[in-house]
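Working notes, beginning with the structure itself.
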Amino acid sequence: MASKQTKAPSSTQELLNNCRLLAGLSLAELAKQTHSTLPVSPVHAKGWVGQQAEKFLGASAGSKAEPDFPNLGIELKTLPLNANGQPQESTYVCHIQLMGLNQQTWQQAWVNKKLQRVLWLPYEASKNIEYGKRKIGHAILWQPSPSQARQLQQDWEEIMEKLCMGEQQQLSAHHGQFLQVRPKAANSKALTKAYDEQGKLCQTLPLGFYLRPDFTREILKNSYLHQ
DNA sequence: TTATGATCATCG
DNA sequence: CGATGATCATAA
C-alpha cells in the first residue's frame, strides 16, 4: 500500500525504499500519488515526470542550484527510455554561469559536483505507449567510475577552454564526447551576460551542460550487470 | 532573469 | 533516424 511521500528522506536507504514504491507505477498512478493531474499532452509538460518524482520522493522543491537531496548529496534525474529500453534523450545537467567561470577547476565545477551521486529513475517514454500507461522503472544510484570521471573531466576541459576565452559563439553541441554544451533558454532569442573574445561584456544565448545518451546508456547497461 | 524540470522538432 | 538547436513549464 503505497502512499504519497513528501517528507525529505533522512538517509539514502530511506530514499531507495521510497523509490521501490515508484517502481512499476504508471504515470497515471504517479499522478494520483502526488495528487496531480496527468497532463493531456506531454508537449506542454516536458518536465512533468521529473517534477512529480521530486514531489513523491521529497526532494527540495524549486530552482535552487543545489542537489535535490542536499543532506544526502544526491541529484535526481529521470531517464526516458525508448521502445528498446534505452535512453532516448540527452540529460540536462545544469546551467552554465558564463560570468563566473574563470579559473575554475574540475573539482570546483558545479557540473562535476552535480554528477558525484545521481539517482537515475528510468521510465518508459516511447510514443508507442499511451502517456498515462508509461511505467516507471527501478531507480539506479550511480557514482562515476574513475574512467567515467576522467572522460567527463576531459570534455569539460575542452569546453571550458573555449568558454574562458569568450568563444561561446563558436561552441556547439558537437564538442565533447559525453558532456556537451547546448542552448538552455526559453527560446533562441533569450540572452544572458558574458564576455566576448576581447574580454568585453556582451549578450549571448544561455547555455547548459548535457550528457549524451551514449553516456547514460552505459550507466544503464552497467546497472543490469550488477543486479 | 536565472535557475530548475526536461522533451520537441527539424535537419543532415 | 539520431543529434543539434529550439522550445515548454514553473519558481523565486
Side-chain angles (χ1 to χ4, degrees), chain A residues 8 22 27 30-31 34 36-70 74-101 109-111 113-115 118-129 131-132 134 136 139 155 159 162 168-194 201-218:
Chain A
L22 279 177
L27 296 190
L30 174 63
T34 57
S36 308
T37 310
L38 187 74
V40 178
S41 163
V43 178
H44 296 289
K46 292 185 184 178
W48 188 81
V49 178
Q51 284 163 351
Q52 299 318 302
E54 285 187 335
K55 191 171 172 183
F56 185 94
L57 295 171
S60 42
S63 56
K64 287 174 287 191
E66 61 175 39
D68 294 302
F69 303 98
I74 294 177
E75 176 71 16
L76 176 67
K77 293 268 168 228
T78 54
L79 194 56
L81 307 182
N82 63 21
N84 299 321
Q86 302 277 71
Q88 68 173 8
E89 288 283 355
S90 55
T91 301
Y92 165 70
V93 181
C94 66
H95 178 83
I96 302 178
Q97 287 258 32
L98 292 172
M99 288 302 289
L101 39 69
W110 178 231
V111 58
K113 290 183 181 174
K114 273 222 162 181
L115 294 176
V118 179
L119 185 63
W120 300 97
L121 190 62
Y123 73 98
E124 296 173 329
S126 164
K127 289 180 179 174
N128 301 331
I129 310 172
Y131 191 68
R134 300 178 190 177
I136 299 168
D155 287 340
I159 290 164
K162 295 200 179 301
Q168 61 278 138
Q169 315 276 8
Q170 301 166 36
L171 256 181
S172 75
H174 297 281
H175 298 86
Q177 190 182 353
F178 296 108
L179 192 66
Q180 65 176 171
V181 167
R182 302 229 303 274
K184 179 58 174 169
N187 56 57
S188 59
K189 286 134 203 151
L191 292 172
T192 193
K193 286 189 180 69
L201 207 57
C202 66
Q203 295 282 115
T204 190
L205 186 61
L207 302 174
F209 281 116
Y210 293 78
L211 291 173
R212 295 182 183 278
D214 278 349
F215 192 80
T216 46
R217 268 197 275 275
E218 192 184 316

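Lettering of chains follows the sequences in order, A, B, ..., and the numbering in each one begins at 1. Everything quoted here is computed from the prediction, not taken from an experiment.
A/Thr78 and A/Ala53 get closest at one heavy-atom pair: CG2-CB, 4.4 Å. When all heavy atoms of A/Val181 and A/Leu207 are compared, the closest pair comes out as CG1-CD1, 3.7 Å. Counting all heavy atoms, side chain and backbone alike, A/Gln168 lies closest to A/Thr204 at CG-OG1, 3.8 Å.
Listed for the A/Asp68 side chain is no donor-acceptor partner under 3.5 Å among the backbone atoms of A/Ala59. Side chain of A/Arg134 to backbone of A/Ile129: a donor-acceptor contact under 3.5 angstrom is found.
In this structure, NZ of A/Lys64 is placed 12 Å from P of B/dG5, rounded to the nearest angstrom. One interatomic measurement links the two molecules: CD of A/Gln86 to P of C/dG2, which rounds to 11 Å at whole-angstrom precision. Atom CD in A/Glu54 sits roughly 12 Å away from atom C1' in B/dA3 (whole-Å rounding). Rounded to whole Å, atom P of B/dG5 lies 11 Å from atom CZ of A/Phe69. The CD-P distance, from A/Gln168 to C/dG5, rounds to 15 Å in whole Å. Across the protein-nucleic acid pair, A/Lys184 atom NZ and B/dA3 atom P stand 12 Å apart, rounded to whole Å. The interatomic distance linking A/Gln97 (CD) with B/dT4 (P) rounds to 9 Å, in whole Å. Summarising the geometry, the separation between CG on A/Leu207 and P on B/dT1 is reported as 16 Å, rounded to the nearest angstrom.
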Test log, rule side chain to side chain contact (heavy atoms under 4.5 Å, CB included), inputs A/Leu38 and A/Trp48: CA-CA 9 Å; A/Leu38 187 74; A/Trp48 188 81; 3.9 Å; yes
Criterion side chain to side chain contact (heavy atoms under 4.5 Å, CB included) on A/Val49 and A/Gln52, from CA distance to verdict: CA-CA 5 Å; A/Val49 178; A/Gln52 299 318 302; 6.0 Å; no
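Within the 4.0 angstrom heavy-atom criterion, only backbone atoms of the sugar-phosphate kind lie near A/Glu75; the bases stay farther away. Residue A/Ala53 is classed as having no contact, given no heavy-atom separation below 4.0 Å to the nucleic acid.
Here the side chains of A/Lys193 and A/Gln203 are in contact, with some heavy-atom distance below 4.5 Å.
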Base-contact (B) and sugar-phosphate-only (S) positions in nucleotides 7-12 of chain B, heavy-atom cut-off under 4.0 Å, - elsewhere: BB----
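Within the structure, every side-chain polar atom (N or O) of A/Trp48 is placed at least 4.0 Å from both OP1 and OP2 of B/dT4. The phosphate of B/dA3 has neither OP1 nor OP2 within less than 4.0 Å of any side-chain N or O from A/Lys114. In this model, the phosphate group of C/dA9 is approached by a side-chain N or O of A/His44 to a distance below 4.0 Å at OP1 or OP2.
Place A/Lys193 and A/Asp68 on DNA chain B by their nearest nucleotides, and A/Lys193 ends up nearer the 5' end.
Near DNA chain C, meaning a heavy atom under 4.0 Å from it, residues 170-181 of chain A has A/Ser172, A/Ala173, A/His174, A/Gln180 in order of number.
Applying the salt bridge (charged side-chain N to carboxylate O under 4.0 Å, His left out) test to pairs two or more places apart or on separate chains, those with a residue in residues 77-86 of chain A are A/Glu75-A/Lys77.
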